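All values reported here derive from a predicted model rather than from experimental measurement. Letters go in sequence order (proteins before strands), and every chain restarts at 1.
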Amino acid sequence: MSVRVRFAPSPTGFLHVGGARTALFNWLYARHTGGKFILRVEDTDAARNTQEAVDVILNGLRWLGLNWDEGPLTSDATGPAKGDRGPYFQSQRRANYQRRVEALLSRGLAYEREGAIKFKMSREPVVIDDLIVGQVRRELTDREAEDPDFVIVRSDGQPVFHLVNVVDDLEMGITHVIRGEDHLSNTAKHVALFQAFGVHPPHYAHIPLILNPDGTKMSKRDQGASLSTYVEEGYVAEAVVNYLVLLGWSPKENREVLSVPELVERFDLPQVLRHNARFDMAKLQWMNGEYMRTLPADRFYELCVHALAKAGLQTNAFPLAYVKAALDTCKGKLKTFAELPGYAGFYFADALDFDPAAVVQSFTAENRPRLQRLRDAFAKVEPFNYAFLEAGLKNTAGELGVKPGVLVHPTRLACTGKTAGPSLYHLLEVLGREKVLARLDAALK
RNA sequence: GACCCUAUGGUCUAGCGGUUAGGACACCACCCUUUCACGGUGGGAGCCCGGGUUCGAGUCCCGGUAGGGUCGCCA
């Protein structure tokens with residue numbers, strides 16, 4: 001039987017990084033097995049779930065590259081969808097739930113109580129065969145020992161999560177439920193429900209959770225919890241995917257950087273770890289740097305321009321060739337695009353933000369005449385390119401009897417305001433004679 | 001409180017009865033170098049604790065401890 005897996009998020013207005021990884025594991029499993037990846041929106045709470053909140057999920061999955069074979073095409077619950085097992089919004093599936101509840105009622109497997117409908121839960125422990133965790137024998141908690149039955153339809157007529165989740169998985173032909181371990185305890189209820197409907201439950205695979213660096217639960221406000229952070233800060237989607245898959249899964253070949261096709265080929269459920277992982281921003285940033293270094297030029301430019309614009313630096317005021325040349329000097333030097341405005345902002349703004357400590361150190365009484373000599377040499381360099389600039393600087397240093405570094409650092413500071421940045425000679429070439437001389441003059445004032 | 005899951009350096013992990021316990025991030029030092037980044041070399045740092053089983057245990061079993069999860073007319 002062909003694999004059918006699903007990601008069934010609730011539109012809360014943000015996509016949790018743990019949810020993103022759950023979606024990723026589902027997607028990888030579908031692609032690995034040649035099965036189908038289905039997206040279903042659990043928008044049962046009409047008051048809270050807006051179309052914008054659905055867009056956050058759709059856009060997040062699209063950004064990650066997790067295309068779905070069945071599911072909504074837009075955030076409109078009544079809008080178009082692909083696949084023949086819809087609707088794919090729970091808000092549109094009321095009739096299905098009602099029919100299933102009536103079936104349970106008529107067979108005496110559920111009963112009405114104070115206006116709500118409760119499911120007659122088994123009093124026996126339920127055994128779950130989990131593809132990741134192994135066989136789990138779930139005993140009743142003390143609370144459940146008192147009353148194991150649980151509500152499946154609220155007194156206001158709204159069906160409850162456990163019911164709709166199972167009905168949808170059943171009717172959509174889901175073969176493998178891959179979800180967070182926080183659902184492991186709930187699984188007993190779900191298994192009982194499947195059995196009550198007279199079918200075998202799907203295979204379960206509960207994946208460990210992602211925790212904060214301090215080991216606490218990662219909630220909405222915690223750093224890195226929202227996928228939108230990575231989109232906004234210009235992370236490379238493939239890097240985020242690569243990092244997330246390594247949280248709880250390993251290719252077991254001492255490799256860290258793997259392309260999506262390599263992941264699809266290698267990913268499988270039994271290799272998924274059973275223990276929670278902590279989120280490590282430093283490693284994600286390293287991974288992102290790895291991907292930034294090898295990004296195709298056009299995509300690199302695009303993400304650069306986006307990051308600069310976000311910081312208020314408009315690149316479209318400059319010639320395209322200048323922008324590209326400027327960005328080329330930054331390639332391979334950064335871990336995230338968020339660093340770019342601070343790193344390359346001097347190309348696109350004349351008001352430099354000088355590092356005060358460096359000013360004291362570089363623009364000394366001793367260095368000023370040296371810098372003046374260099375300025376005069378740069379005024380005559382022809383052509384004004386990195387090779388001649390380097391020769392010119394080294395020549396001047398030689399004439400002054402100092403090491404090149406004595407001139408390099410003040411020059412960098414005068415032209416960029418910073419002590420670190422792109423290759424000096426290359427950045428001077430890109431800036432051009434006019435700006436370079438003007439900035440040296442300004443520094444000498 | 002009950003129930004469930006988990007436990008290798010600070011972090012992510014490899015290991016699946018006999019290894020000098022391997023790799024990656026981070027950190028430190030040095031090299032490269034105009035800065036930064038990259039790259040290279042080296043370094044510090046680990047099997048939660050206690051019992052078993054076994055000739056031998058990070059690896060298997062039991063018990064603690066610790067962390068996480070679930071016990072809703074939330075999803």
State the pairing partner of B:rC71; accept Watson-Crick or G-U wobble contacts with both distances under 3.5 Å, and report none otherwise. B:rG1
Searching all strands shown, indicate the nucleotide that pairs with B:rA21 (Watson-Crick or G-U wobble; both distances under 3.5 Å). none
Closest to side chain of [X], choosing from [options]:
| X | options | value |
| --- | --- | --- |
| A:R293 | B:rU6, B:rC38, B:rC3 | B:rC38 |
| A:S10 | B:rU34, B:rA75, B:rG39 | B:rA75 |
| A:R143 | B:rC73, B:rG72, B:rG1 | B:rG72 |
| A:T141 | B:rA75, B:rU35, B:rC3 | B:rC3 |
| A:K394 | B:rC36, B:rU34, B:rA75 | B:rU34 |
| A:S155 | B:rA14, B:rG69, B:rC73 | B:rC73 |
| A:E42 | B:rG69, B:rA75, B:rC5 | B:rA75 |

Near RNA chain B, counting only heavy atoms under 4.0 Å, which residues of [range] show up?
| range | value |
| --- | --- |
| residues 263-279 of chain A | A:L273, A:R274, A:H275, A:N276, A:A277, A:R278 |
| residues 94-102 of chain A | none |
| residues 177-191 of chain A | A:E181, A:D182, A:H183, A:L184, A:S185, A:N186 |

Could you list, one pair per line, each protein nitrogen or oxygen that sits under 3.5 Å from a nitrogen or oxygen of nucleotides 41-43 of chain B, together with the distance?
none

So, under a plain 3.5 Å distance rule, would you say the side chain of A:Y343 forms a donor-acceptor pair with the base of B:rC36? yes
Is there a donor on the side chain of A:T419 or the base of B:rU35 sitting less than 3.5 Å from an acceptor on the other? no
Which pairs pass ring-ring contact (aromatic ring centres under 6.0 Å, His included) with one or both residues in residues 254-274 of chain A, sequence neighbours excluded? A:F25-A:F267, A:W249-A:F267
I need the full list of ring-ring contact (aromatic ring centres under 6.0 Å, His included) pairs touching residues 369-418 of chain A, with sequence neighbours left out, sorted by first then second residue. A:Y386-A:H426
Is the ring pair A:F300/A:F337 parallel, tilted or perpendicular, if the boundaries are 30 and 60 degrees? tilted
Anything under 30° is parallel, anything over 60° is perpendicular, the rest tilted; go ahead and classify A:F194 against A:Y204. perpendicular
Please tabulate the protein-to-nucleotide N/O contacts below 3.5 Å involving nucleotides 44-48 of chain B, giving atom names and distances.
none

What pairs meet the salt bridge (Lys or Arg N to Asp or Glu O under 4.0 Å) rule with one or both residues in residues 212-227 of chain A, with sequence neighbours excluded? none
Which pairs, with at least one residue in residues 406-417 of chain A and sequence neighbours excluded, count as a salt bridge (Lys or Arg N to Asp or Glu O under 4.0 Å)? none
Could you list the donor-acceptor pairs under 3.5 angstrom formed by side chains in residues 233-248 of chain A, with sequence neighbours left out?
unit_1 : atom_1 : unit_2 : atom_2 : d
A:Y235 : OH     : A:Q285 : NE2    : 3.4
A:E238 : OE1    : A:R299 : NH2    : 3.0
A:E238 : OE2    : A:R299 : NH1    : 3.1
A:N242 : OD1    : A:L258 : N      : 2.9
A:N242 : OD1    : A:Y291 : OH     : 2.6
A:N242 : ND2    : A:E256 : O      : 2.9
A:Y243 : OH     : A:D280 : N      : 2.8
A:Y243 : OH     : A:D280 : O      : 3.3

Across all chains, not counting sequence neighbours, the salt bridge (charged side-chain N to carboxylate O under 4.0 Å, His left out) partners of A:R373 are A:E399
Any chance you could list the contact pattern along nucleotides 21-26 of chain B? Use B for base contacts, S for sugar-phosphate-only contacts and - for none, protein heavy atoms under 4.0 Å, 5' to 3'. -BBBBS
Among A:R93, A:R85, A:R4, A:R6, exactly one meets salt bridge (charged side-chain N to carboxylate O under 4.0 Å, His left out) together with A:E171. Which residue is that? A:R93
